[in-house]
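Can you read through this structure? Questions will come right after.
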Amino acid sequence: MSCRARMSEPLPPGLYIVATPIGNLGDLTVRAADVLRRVNLVLAEDKRVTAKLLAHVGAKARMQAYHDHSSEEDRLAVLARLSTQAVALVSDAGTPLISDPGFKLVRAARAAGFAVHSLPGPCAAIAALTLSGLATDRFLFVGFLPSKAGARGEALAELAGVRATLVFYESGPRLGASLAAMAEVLGGREAAVVREITKLHEETVAGTLGELAQRYAESGPRGEIVVVVAPPLAPEPAGEEELDRVLAHALAELSPSRAAAQVAEQLRLPRKQVYARALVLAGDKRDPLA
Ligand code: SAM
């Protein structure tokens with residue numbers, strides 16, 4: 001069977017979650033274009049935006065609006081189609097469900113036993129993380145912070161202890177205030193403002209949160225923005241004075257060996273170093289390395 005013939009065949013019924021470009025149409029995957037041409041229906045956040053994409057790939061599928069305000073009835077109507085039709089879910093840009101509608105629909109489709117397929121592709125959060133130059137081994141996608149100052153401060157306070165790189169979605173007009181709040185609550189961490197990814201004016205500006213807050217205090221830049229923030233710095237190891245103070249306290253009740261074990265864990269210091277100091281403070285001449 002020729003590839004052309006296979007590509008014009010109808011798709012098996014089910015829900016197809018299709019990631020679309022975040023700025024550069026060339027980033028639409030070959031599989032995404034193929035599926036958009038072959039589905040019976042495309043659920044779109046904004047039909048005008050998706051119409052341009054469908055025209056670009058020569059897809060003629062019918063479109064129906066599906067967004068955050070879609071009702072339970074709308075979802076049931078979509079579910080009713082899934083047993084016999086292939087339905088694509090797209091958002092205006094990027095990966096559906098990531099700060100975009102679709103979660104309730106996917107959950108309902110899975111619960112009803114329909115096939116759900118994901119066609120991975122562009123996602124601003126992941127692209128920004130790769131551009132930021134910050135640690136990628138452990139990250140938390142936060143999405144949009146609340147816009148009211150109080151709620152935003154509370155959300156940031158909850159994140160302050162998270163030992164992971166943080167990824168926020170932002171907009172130009174809110175950027176200065178958000179960075180100032182981040183600098184206040186998260187401290188002087190390294191961060192990056194990543195803007196207009198895959199578009200003509202793509203840029204990544206790195207600095208501490210304080211520096212970035214200052215840079216964007218007056219006016220936020222145009223376009224779409226992701227802010228990536230480094231994890232909290234590891235606490236400084238305890239100095240000699242702190243070690244002596246905590247050890248003296250422990251030695252009042254414990255043997256040098258037990259005090260050293262407890263204090264080493266508490267201050268995250270090597271046990272041998274703490275034991276040696278414990279022997280000195282206890283006036284004991286035993287060999288610490290024995
Ligand atoms: N689902 C999308 C995704 O996978 O990235 C995100 C949708 S969310 C409603 C829109 C936000 O994503 C924007 O406000 C911005 O923070 C970010 N974003 C989308 N496209 C971007 C781009 N080209 N450059 C930087 N940020 C972008």
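The analysis underlying the following values was restricted to heavy atoms, covering all of them including side chains, and did not include hydrogens, waters or symmetry mates. Counting starts at 1 for both ligands and their atoms, following the listed order.
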Q: Indicate yes or no: does an N/O atom of Ser91 lie under 3.5 Å from an N/O atom of ligand 1?
A: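 Such a contact does not occur with ligand 1.
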**Q.** Contact partition for Glu196 relative to ligand 1, non-hydrogen atoms under 4.0 Å
**A.**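 The answer is the backbone of Glu196.
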**Q.** For Ala250 against Ala259, the heavy-atom pair lying closest together
**A.**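 Of all heavy-atom pairs spanning Ala250 and Ala259, the closest is CB-CB, 3.8 Å.
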Q: Identify the protein heavy atom lying closest to atom 3 (C) of ligand 1, giving its residue, its atom name and the separation to 0.1 Å.
A: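 Closest protein heavy atom to atom 3 (C) of ligand 1: Tyr169 OH, 3.4 Å.
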(Q) Test of understanding: clusters of I, L, V, M, F, W, Y form through side-chain heavy atoms closer than 4.5 Å, transitively. Do Leu251 and Val263 belong to the same one? (A)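 As far as the 4.5 Å side-chain criterion goes, Val263 and Leu251 are connected within one cluster.
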Q: Look at Lys199 together with Glu224 and state whether they make a salt bridge at an N to O cut-off of under 4.0 Å.
A: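 Here Lys199 pairs with Glu224 in a salt bridge, since their nearest N and O are under 4.0 Å apart.
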Q.
Polar contacts were defined as any N/O atom of the residue lying under 3.5 Å from an N/O atom of the ligand; does this apply to Arg195 and ligand 1?
A.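 Looking only at distances, the answer is no, because the N/O contact criterion of under 3.5 Å is not met.
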**Q.** Close-contact set for ligand 1 against Lys199 heavy atoms, below 4.0 Å
**A.**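 Numbered from 1, ligand 1 contributes 23 (N).
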Q: Tell me which protein heavy atom sits closest to atom 13 (C) of ligand 1, plus the residue, atom name and distance to 0.1 Å.
A: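 Result for atom 13 (C) of ligand 1: Glu224 OE1, 3.5 Å.
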Q) Polar-atom distance check: Ala124 versus ligand 1, any N or O pair below 3.5 Å? A)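 Yes, Ala124 has an N/O under 3.5 Å of an N/O on ligand 1.
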Q | Min N/O separation Ser99 to ligand 1 under 3.5 Å | A |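 Checking ligand 1 against Ser99, no N or O pair falls under 3.5 Å apart.
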Q. How far is atom 4 (O) of ligand 1 from its nearest protein heavy atom, and which residue and atom name does that atom have?
A.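 That would be Thr95 N, 2.8 Å.
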Q: State whether the shortest distance between N or O atoms of Ile225 and N or O atoms of ligand 1 falls below 3.5 angstrom.
A: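 By distance alone, the answer is yes.
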Q: Kindly determine whether Thr50 and Glu45 satisfy side chain to side chain contact (heavy atoms under 4.5 Å, CB included), including the steps that lead there.
A: CA-CA 8 Å; Thr50 300; Glu45 211 184 341; 5.9 Å; no
(Q) Checking the N or O distance criterion of under 3.5 Å, is ligand 1 in contact with Gly94? (A)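 Such a contact does not occur with ligand 1.
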(Q) Heavy atoms only, cut-off 4.0 Å: how does Ala93 contact ligand 1, side chain, backbone, both, or neither? (A)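 Backbone only.
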Q: Please assess Arg277 against Asp244 for the test side chain to side chain contact (heavy atoms under 4.5 Å, CB included), listing each intermediate value before the final yes or no.
A: CA-CA 8 Å; Arg277 190 63 191 157; Asp244 283 1; 2.7 Å; yes
Q. Are Val167 and Val142 in one and the same hydrophobic cluster, where Ile, Leu, Val, Met, Phe, Trp and Tyr link if side-chain heavy atoms are under 4.5 Å apart?
A.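 No.
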Q. Going by heavy atoms, is Thr198 under 4.0 Å from ligand 1?
A.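 No.
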Q. Taking both backbone and side-chain atoms of Phe144, is any N or O found less than 3.5 Å from an N or O belonging to ligand 1?
A.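 In this structure, Phe144 places no N or O atom under 3.5 Å from an N or O of ligand 1.
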Q: If you have a sec, work out which protein heavy atom is nearest atom 7 (C) of ligand 1 and how many Å separate them, to one decimal?
A: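 Nearest protein contact, heavy atoms only, for atom 7 (C) of ligand 1 is Asp100 OD2, 3.2 Å.
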Q: Report whether Ile98 and Ile17 are members of the same hydrophobic cluster (ILVMFWY, side-chain heavy atoms less than 4.5 Å apart, transitive linking).
A: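 Each belongs to a different hydrophobic cluster.
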Q) Which atoms form the tightest heavy-atom contact between Val116 and Ala109, and what is the distance? A)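 Nearest pair, atom of Val116 first, then Ala109: CG2-CB, 4.0 Å.
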Q. Phe168 and side chain to side chain contact (heavy atoms under 4.5 Å, CB included): which partner among Ile225, Val226, Val228, Leu145?
A.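 Single side chain to side chain contact (heavy atoms under 4.5 Å, CB included) partner of Phe168 among Ile225, Val226, Val228, Leu145: Leu145.
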Q) Nearest to atom 1 (N) of ligand 1 by heavy atom, Ile98, Leu175, Thr20, Asp27: which? A)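 Considering heavy atoms of Ile98, Leu175, Thr20, Asp27, the nearest to atom 1 (N) of ligand 1 sits in Ile98.
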Q.
Could you check whether any side-chain N or O of Arg189 sits under 3.5 Å from a backbone N or O of Ala230, counting only pairs where one atom can act as donor and the other as acceptor?
A.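 Indeed, once roles are kept as given, a pair shorter than 3.5 Å links the two residues.
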Q. Can you check whether Ile197 has an N/O within less than 3.5 Å of an N/O in ligand 1?
A.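 Yes, at least one N or O pair falls under 3.5 Å.
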(Q) Would the distance check show the side chain of Asp100 and the main-chain N or O of Leu97 forming a donor-acceptor pair, the cut-off being under 3.5 Å? (A)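 Answer holds: no.
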